[in-house]
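Working notes, beginning with the structure itself.
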Protein chains: 4
Amino acid sequence: VYVSYQQMAQAEHLRPDGIEAVSIVTPNHLHYPIARAFCEVGIHVICDKPLTTSLPDARALEALIKARGGLFFITYNYAAYPMVRQARAMIASGALGKPRVIQVEYAQGWLATALERSGSKQAEWHTDPARAGPGGSIADIGTHAFHLARFVTGLRVTAVAAELTSFVPGRPLDDNAAVLLRFEDGARGSLWASQVAVGEDNGLRLRVYGDRGGLAWSQERPDELRFAPLQAPVQILRRGAPSLSADAARVTHLPAGHPQGYLEAFASLYGEIARVILSARTGASSSDALVSTIADGVEGMRFIDAVLRSSAGGGAWTPV
Amino acid sequence: VYVSYQQMAQAEHLRPDGIEAVSIVTPNHLHYPIARAFCEVGIHVICDKPLTTSLPDARALEALIKARGGLFFITYNYAAYPMVRQARAMIASGALGKPRVIQVEYAQGWLATALERSGSKQAEWHTDPARAGPGGSIADIGTHAFHLARFVTGLRVTAVAAELTSFVPGRPLDDNAAVLLRFEDGARGSLWASQVAVGEDNGLRLRVYGDRGGLAWSQERPDELRFAPLQAPVQILRRGAPSLSADAARVTHLPAGHPQGYLEAFASLYGEIARVILSARTGASSSDALVSTIADGVEGMRFIDAVLRSSAGGGAWTPV
Amino acid sequence: VYVSYQQMAQAEHLRPDGIEAVSIVTPNHLHYPIARAFCEVGIHVICDKPLTTSLPDARALEALIKARGGLFFITYNYAAYPMVRQARAMIASGALGKPRVIQVEYAQGWLATALERSGSKQAEWHTDPARAGPGGSIADIGTHAFHLARFVTGLRVTAVAAELTSFVPGRPLDDNAAVLLRFEDGARGSLWASQVAVGEDNGLRLRVYGDRGGLAWSQERPDELRFAPLQAPVQILRRGAPSLSADAARVTHLPAGHPQGYLEAFASLYGEIARVILSARTGASSSDALVSTIADGVEGMRFIDAVLRSSAGGGAWTPV
Amino acid sequence: VYVSYQQMAQAEHLRPDGIEAVSIVTPNHLHYPIARAFCEVGIHVICDKPLTTSLPDARALEALIKARGGLFFITYNYAAYPMVRQARAMIASGALGKPRVIQVEYAQGWLATALERSGSKQAEWHTDPARAGPGGSIADIGTHAFHLARFVTGLRVTAVAAELTSFVPGRPLDDNAAVLLRFEDGARGSLWASQVAVGEDNGLRLRVYGDRGGLAWSQERPDELRFAPLQAPVQILRRGAPSLSADAARVTHLPAGHPQGYLEAFASLYGEIARVILSARTGASSSDALVSTIADGVEGMRFIDAVLRSSAGGGAWTPV
């Protein structure tokens, strides 16, 4: 047990049985210094999102990791749900044809009141620019929505037009974010993230429409995927069915109908991270592990940065 | 049976038992000339949306009606669903507190292919600027979504930032519309209308979040309304329940659990229009009829016009 | 306007422009005498269910109709929903293989309290053996559930084992009915009808499982049919889709996504009845009309009768 | 690692650091001998359901445990879902008034074909009387459904009228079970268990209707509970909400909207078992642990036994 992360990094570095990797699950402003400390002593880093509180920090961290050669993982945990993997595999295989419209949202209601002034530590730091960074809902949950769309479609967002709003009086950060999206290859979409959506718990939802089919997934019913092939009946694909992709099967831990949830997604994610770390040591293949790395973290920061600039600039289309 | 609307207007005007009102259910470009012809001879007009194919025409029609004194109704039929009425009554009564976020969408998939080149008359005129006007999906279904949000919340949209897209090659009009919304009193929202959303039939959906509650309604399950009071369990309000508002009860024709649908909404709408026409003749009150009039038609055209200008102007915020 | 049904039958019979058919929508105990009166003067009869209040009356009516040659229709209106027709067509075509298990239920909550002692006329006669007959929930809604299973699967119920219960103190008729079913060809099932199921409005639901697939339908979401082919993804079939059967298409009045409901089912039913009456006059074919006739009415009475006897006899298996 | 359970029981008994408890997750026919072996050497037993393959064995085991004084737990894991706990707490507190109707079902489709002849070990033993016992679906999943109803309502089943069927040719055990239920205090209900319901994965569902409200829960959407108070809007209660009962909160491991599933229910169950074992050692209270014990196991066997006898006896009402 250490008094500081600096001490921990140094001590673990020197121990013969020191840790191979560290998990950073602190408020956002500590991601960068802690990640740097461990990276510098050769300990792999597993970090919560958003990567940092500023894009320059994110780029500096990326440069450091590149220089040092350690592994870095960012815990976009929703990407580890089996039916999210299934959606990704289907789009990659052409089941939707060319993606046209991508609608993603992340709706929560827990910050609909000034909870940060009622003693909630979670609410306090999430609404404090010094700890959360310059983005509120856009950084906390908007990045998850952004990453989900990015991960499932494989498409980069090239530009955004955004409006951030802070609805709760006195709150310095946005608690609602509306963003229009331009993707590479001509796809278009919208992203909505809100923490003042009363009645919503953890409503991360994605819909993708291509020229040959549509897909819909909702985090609160994670074991289902709605698939609408063009001019054919809608199908409800269910986790555990034998016809699903290898990517979905790999993170399926229970038979169909036995609900898998949030903790299992984290378990799958950490399992893959462990495999990648092992394969770095042993040379064993881990190419099927769909982990997110420093590049994904930086891309998330570029998204947040572009949204902040667009919103500040009157909603103009802003390149990511 | 007449050879033209002009002939019909003249003849009916002269008959002692001539019609009191005419329904216009033609392609958009004929709304204005037909409405004018009947208005000029003192016959009330019931017209489909969008009101006209240009804002100047809409204003000219409004001026004519004002000058002539006839009645004019626009068939925003979704506003006649009982649970839409219930939502409106609840917001008016303060059940949600002050509205903050308004998300509305209208997703269809029927134009995901070039149906207009396969002999579909509906697809032909809806994608032809000469008949549909300069707006495609934004005019055909976006106006419904706009009106639904307007009707339920009672709030005017003050500005829009929009991107219209035409996905099907060779189609001259938008088949997808993404719009950020600013409402009076500080509410914010998004509107998405699409006719290329494969797997969607007639997905008109509205969610309103205030500082004391949230509401959600979906046209394809019209008899339900999801109501989430702040920090209390979500309620599923069902058409026909005795606790609903008078506005909902007035258009409830069946007991709870016996599905009412699209045709019943039209029946309710025409019933109300008939009552307003009668009351104009007899002086009987019809103040509880929630009909849409020329002002609503013009407001819809101002919305379309602002969206078209915003999209053409690179998505800049544009006043409505 | 007549003072009695007897007078009406005589007078209409004598008029040159007399009615061709009469609709009986009275309490159950009047079905038989009214039907007889009109049948005897050659006027076709359209009658609500259950057919009569006793099986002997039902058989007497059947004999009379046979002797007189008039047409008789019983309004099992739920059989006129498009997706019920679709289910029937699919089973007939072998999409489920051989039916094995048939679960049907009709759950309502409106009689959970002693509503009959609060001035509700509907509740009064439905709970009065003199007017409703010896069956309460089993006759009022159990027959609908029975007919739905019969209509969709095409299978006769050969025997029942039943328990009828009256939960509300002082109520002389059953308000809850639980029935085990044996169908011809070895299928098995359960039927549950209740009018004390608090929170249920009009929950008529059918599930059929065969050796090659399963189907589920719910009256409160009538435009959908859940189809699970063996070892393949579940499909959600939606009314209005081009791939549906001719039987479903014939009673489809609106495009997909525009809800059709209860009144449309009645309209379809009466439309078919009118076609059958016309074809009796003109010789035009109406073989595709799926109307229910006196035989269906008698079969429903035999079902009620068997359930009453089984329940009175300690639940023993009782032939229908 | 031991060559037999007998050896394991003896060896662990003699070790100073021997196990305190053993988990039995074998086919049914081994539950009894293994449980006996460990019970006899004073090691606590955690056993899968059904308790044994015959009622006499169950009673013998109960007597042994009583004589020896060890602890015995049966893993009715569905009782550890938070919203099942919530339902139980609500009924205990009178939120539904007096229970009247209890409908429970457990529908699966995995045995719709002769999977036992395709090399599936799970299917082999589940359909083999020598290993599964004389009950097929009724023992494997019917007991879960029975226990769920028993646990949530607190009511004993006093009598059953049942029909067991084996649909797949050549299968010696039932794969479908339909049971009418009589509960103490006058409640009535039905239980349906099936393993040939094509399209069903793990459809355990419970509905309870009292004179003041109704409740519905479905295992495949475990985080929701539908609550219908008499003459008031339906509520959707969600796991994690602050208003839920202490019993639900105790097994809630994640905030609302972050799905908890099947594994978490097992974790909660084993956590409670561990607490009870510890409290037996330390005297600490564990009275809030809602574990199932030998008495519940025996009661489940009595239910299976009564169903088998009723079905064999032509469906006669049979006391449990």
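Here is how names work: the chains are called A, B, and so on, in the same order as the sequence lines, proteins then strands, and each is numbered from 1. Basis for what follows: all heavy atoms, side chains included, without hydrogens, waters or symmetry-related copies.
- Proximity to chain A is absent for every atom of Ala316(B), based on heavy atoms less than 4.5 angstrom apart.
- Once rounded to the nearest 0.5 Å, the distance linking CD of Gln103(A) with OG of Ser194(B) reads 8.0 Å.
- Heavy-atom pairs under 4.5 Å with chain B were tallied for Gly210(A), Ser190(A), Gly214(A), Gly213(A); the largest tally goes to Gly213(A).
- The candidate with the highest count of non-hydrogen atom pairs below 4.5 Å against chain A, out of Val208(B), Val234(B), Leu180(B), is Leu180(B).
- Atom-to-atom distance recorded for Leu230(B):CG and Thr113(A):OG1 is 6.5 Å, nearest 0.5 angstrom.
- Looking at Val168(A), both its backbone and its side chain come within 4.5 Å of chain B, counting heavy atoms on both sides.
- Most heavy-atom pairs under 4.5 Å with chain B: of the set Ala197(A), Ala232(A), Ala178(A), this distinction falls to Ala197(A).
- For CZ of Arg156(B), the number of neighbouring non-hydrogen atoms (other residues, nucleotides, ligands) closer than 6.0 Å is 12 at most.
- Listed options Arg226(B), Arg182(B), Gln231(B) were ranked by heavy-atom pairs under 4.5 angstrom with chain A; first place goes to Arg182(B).
- Only the backbone of Pro229(A) comes within less than 4.5 Å of a heavy atom of chain B; no side-chain atom from C-beta onward does.
- Counting heavy atoms from C-beta on, the side chains of Arg207(A) and Trp192(B) come closer than 4.5 Å.
- In this structure, the side chains of Asn176(A) and Tyr209(B) stay at 4.5 Å or more apart for every pair of heavy atoms.
- Here Glu163(B) is the residue among Glu163(B), Arg188(B), Lys98(B) with the most heavy-atom pairs under 4.5 Å with chain A.
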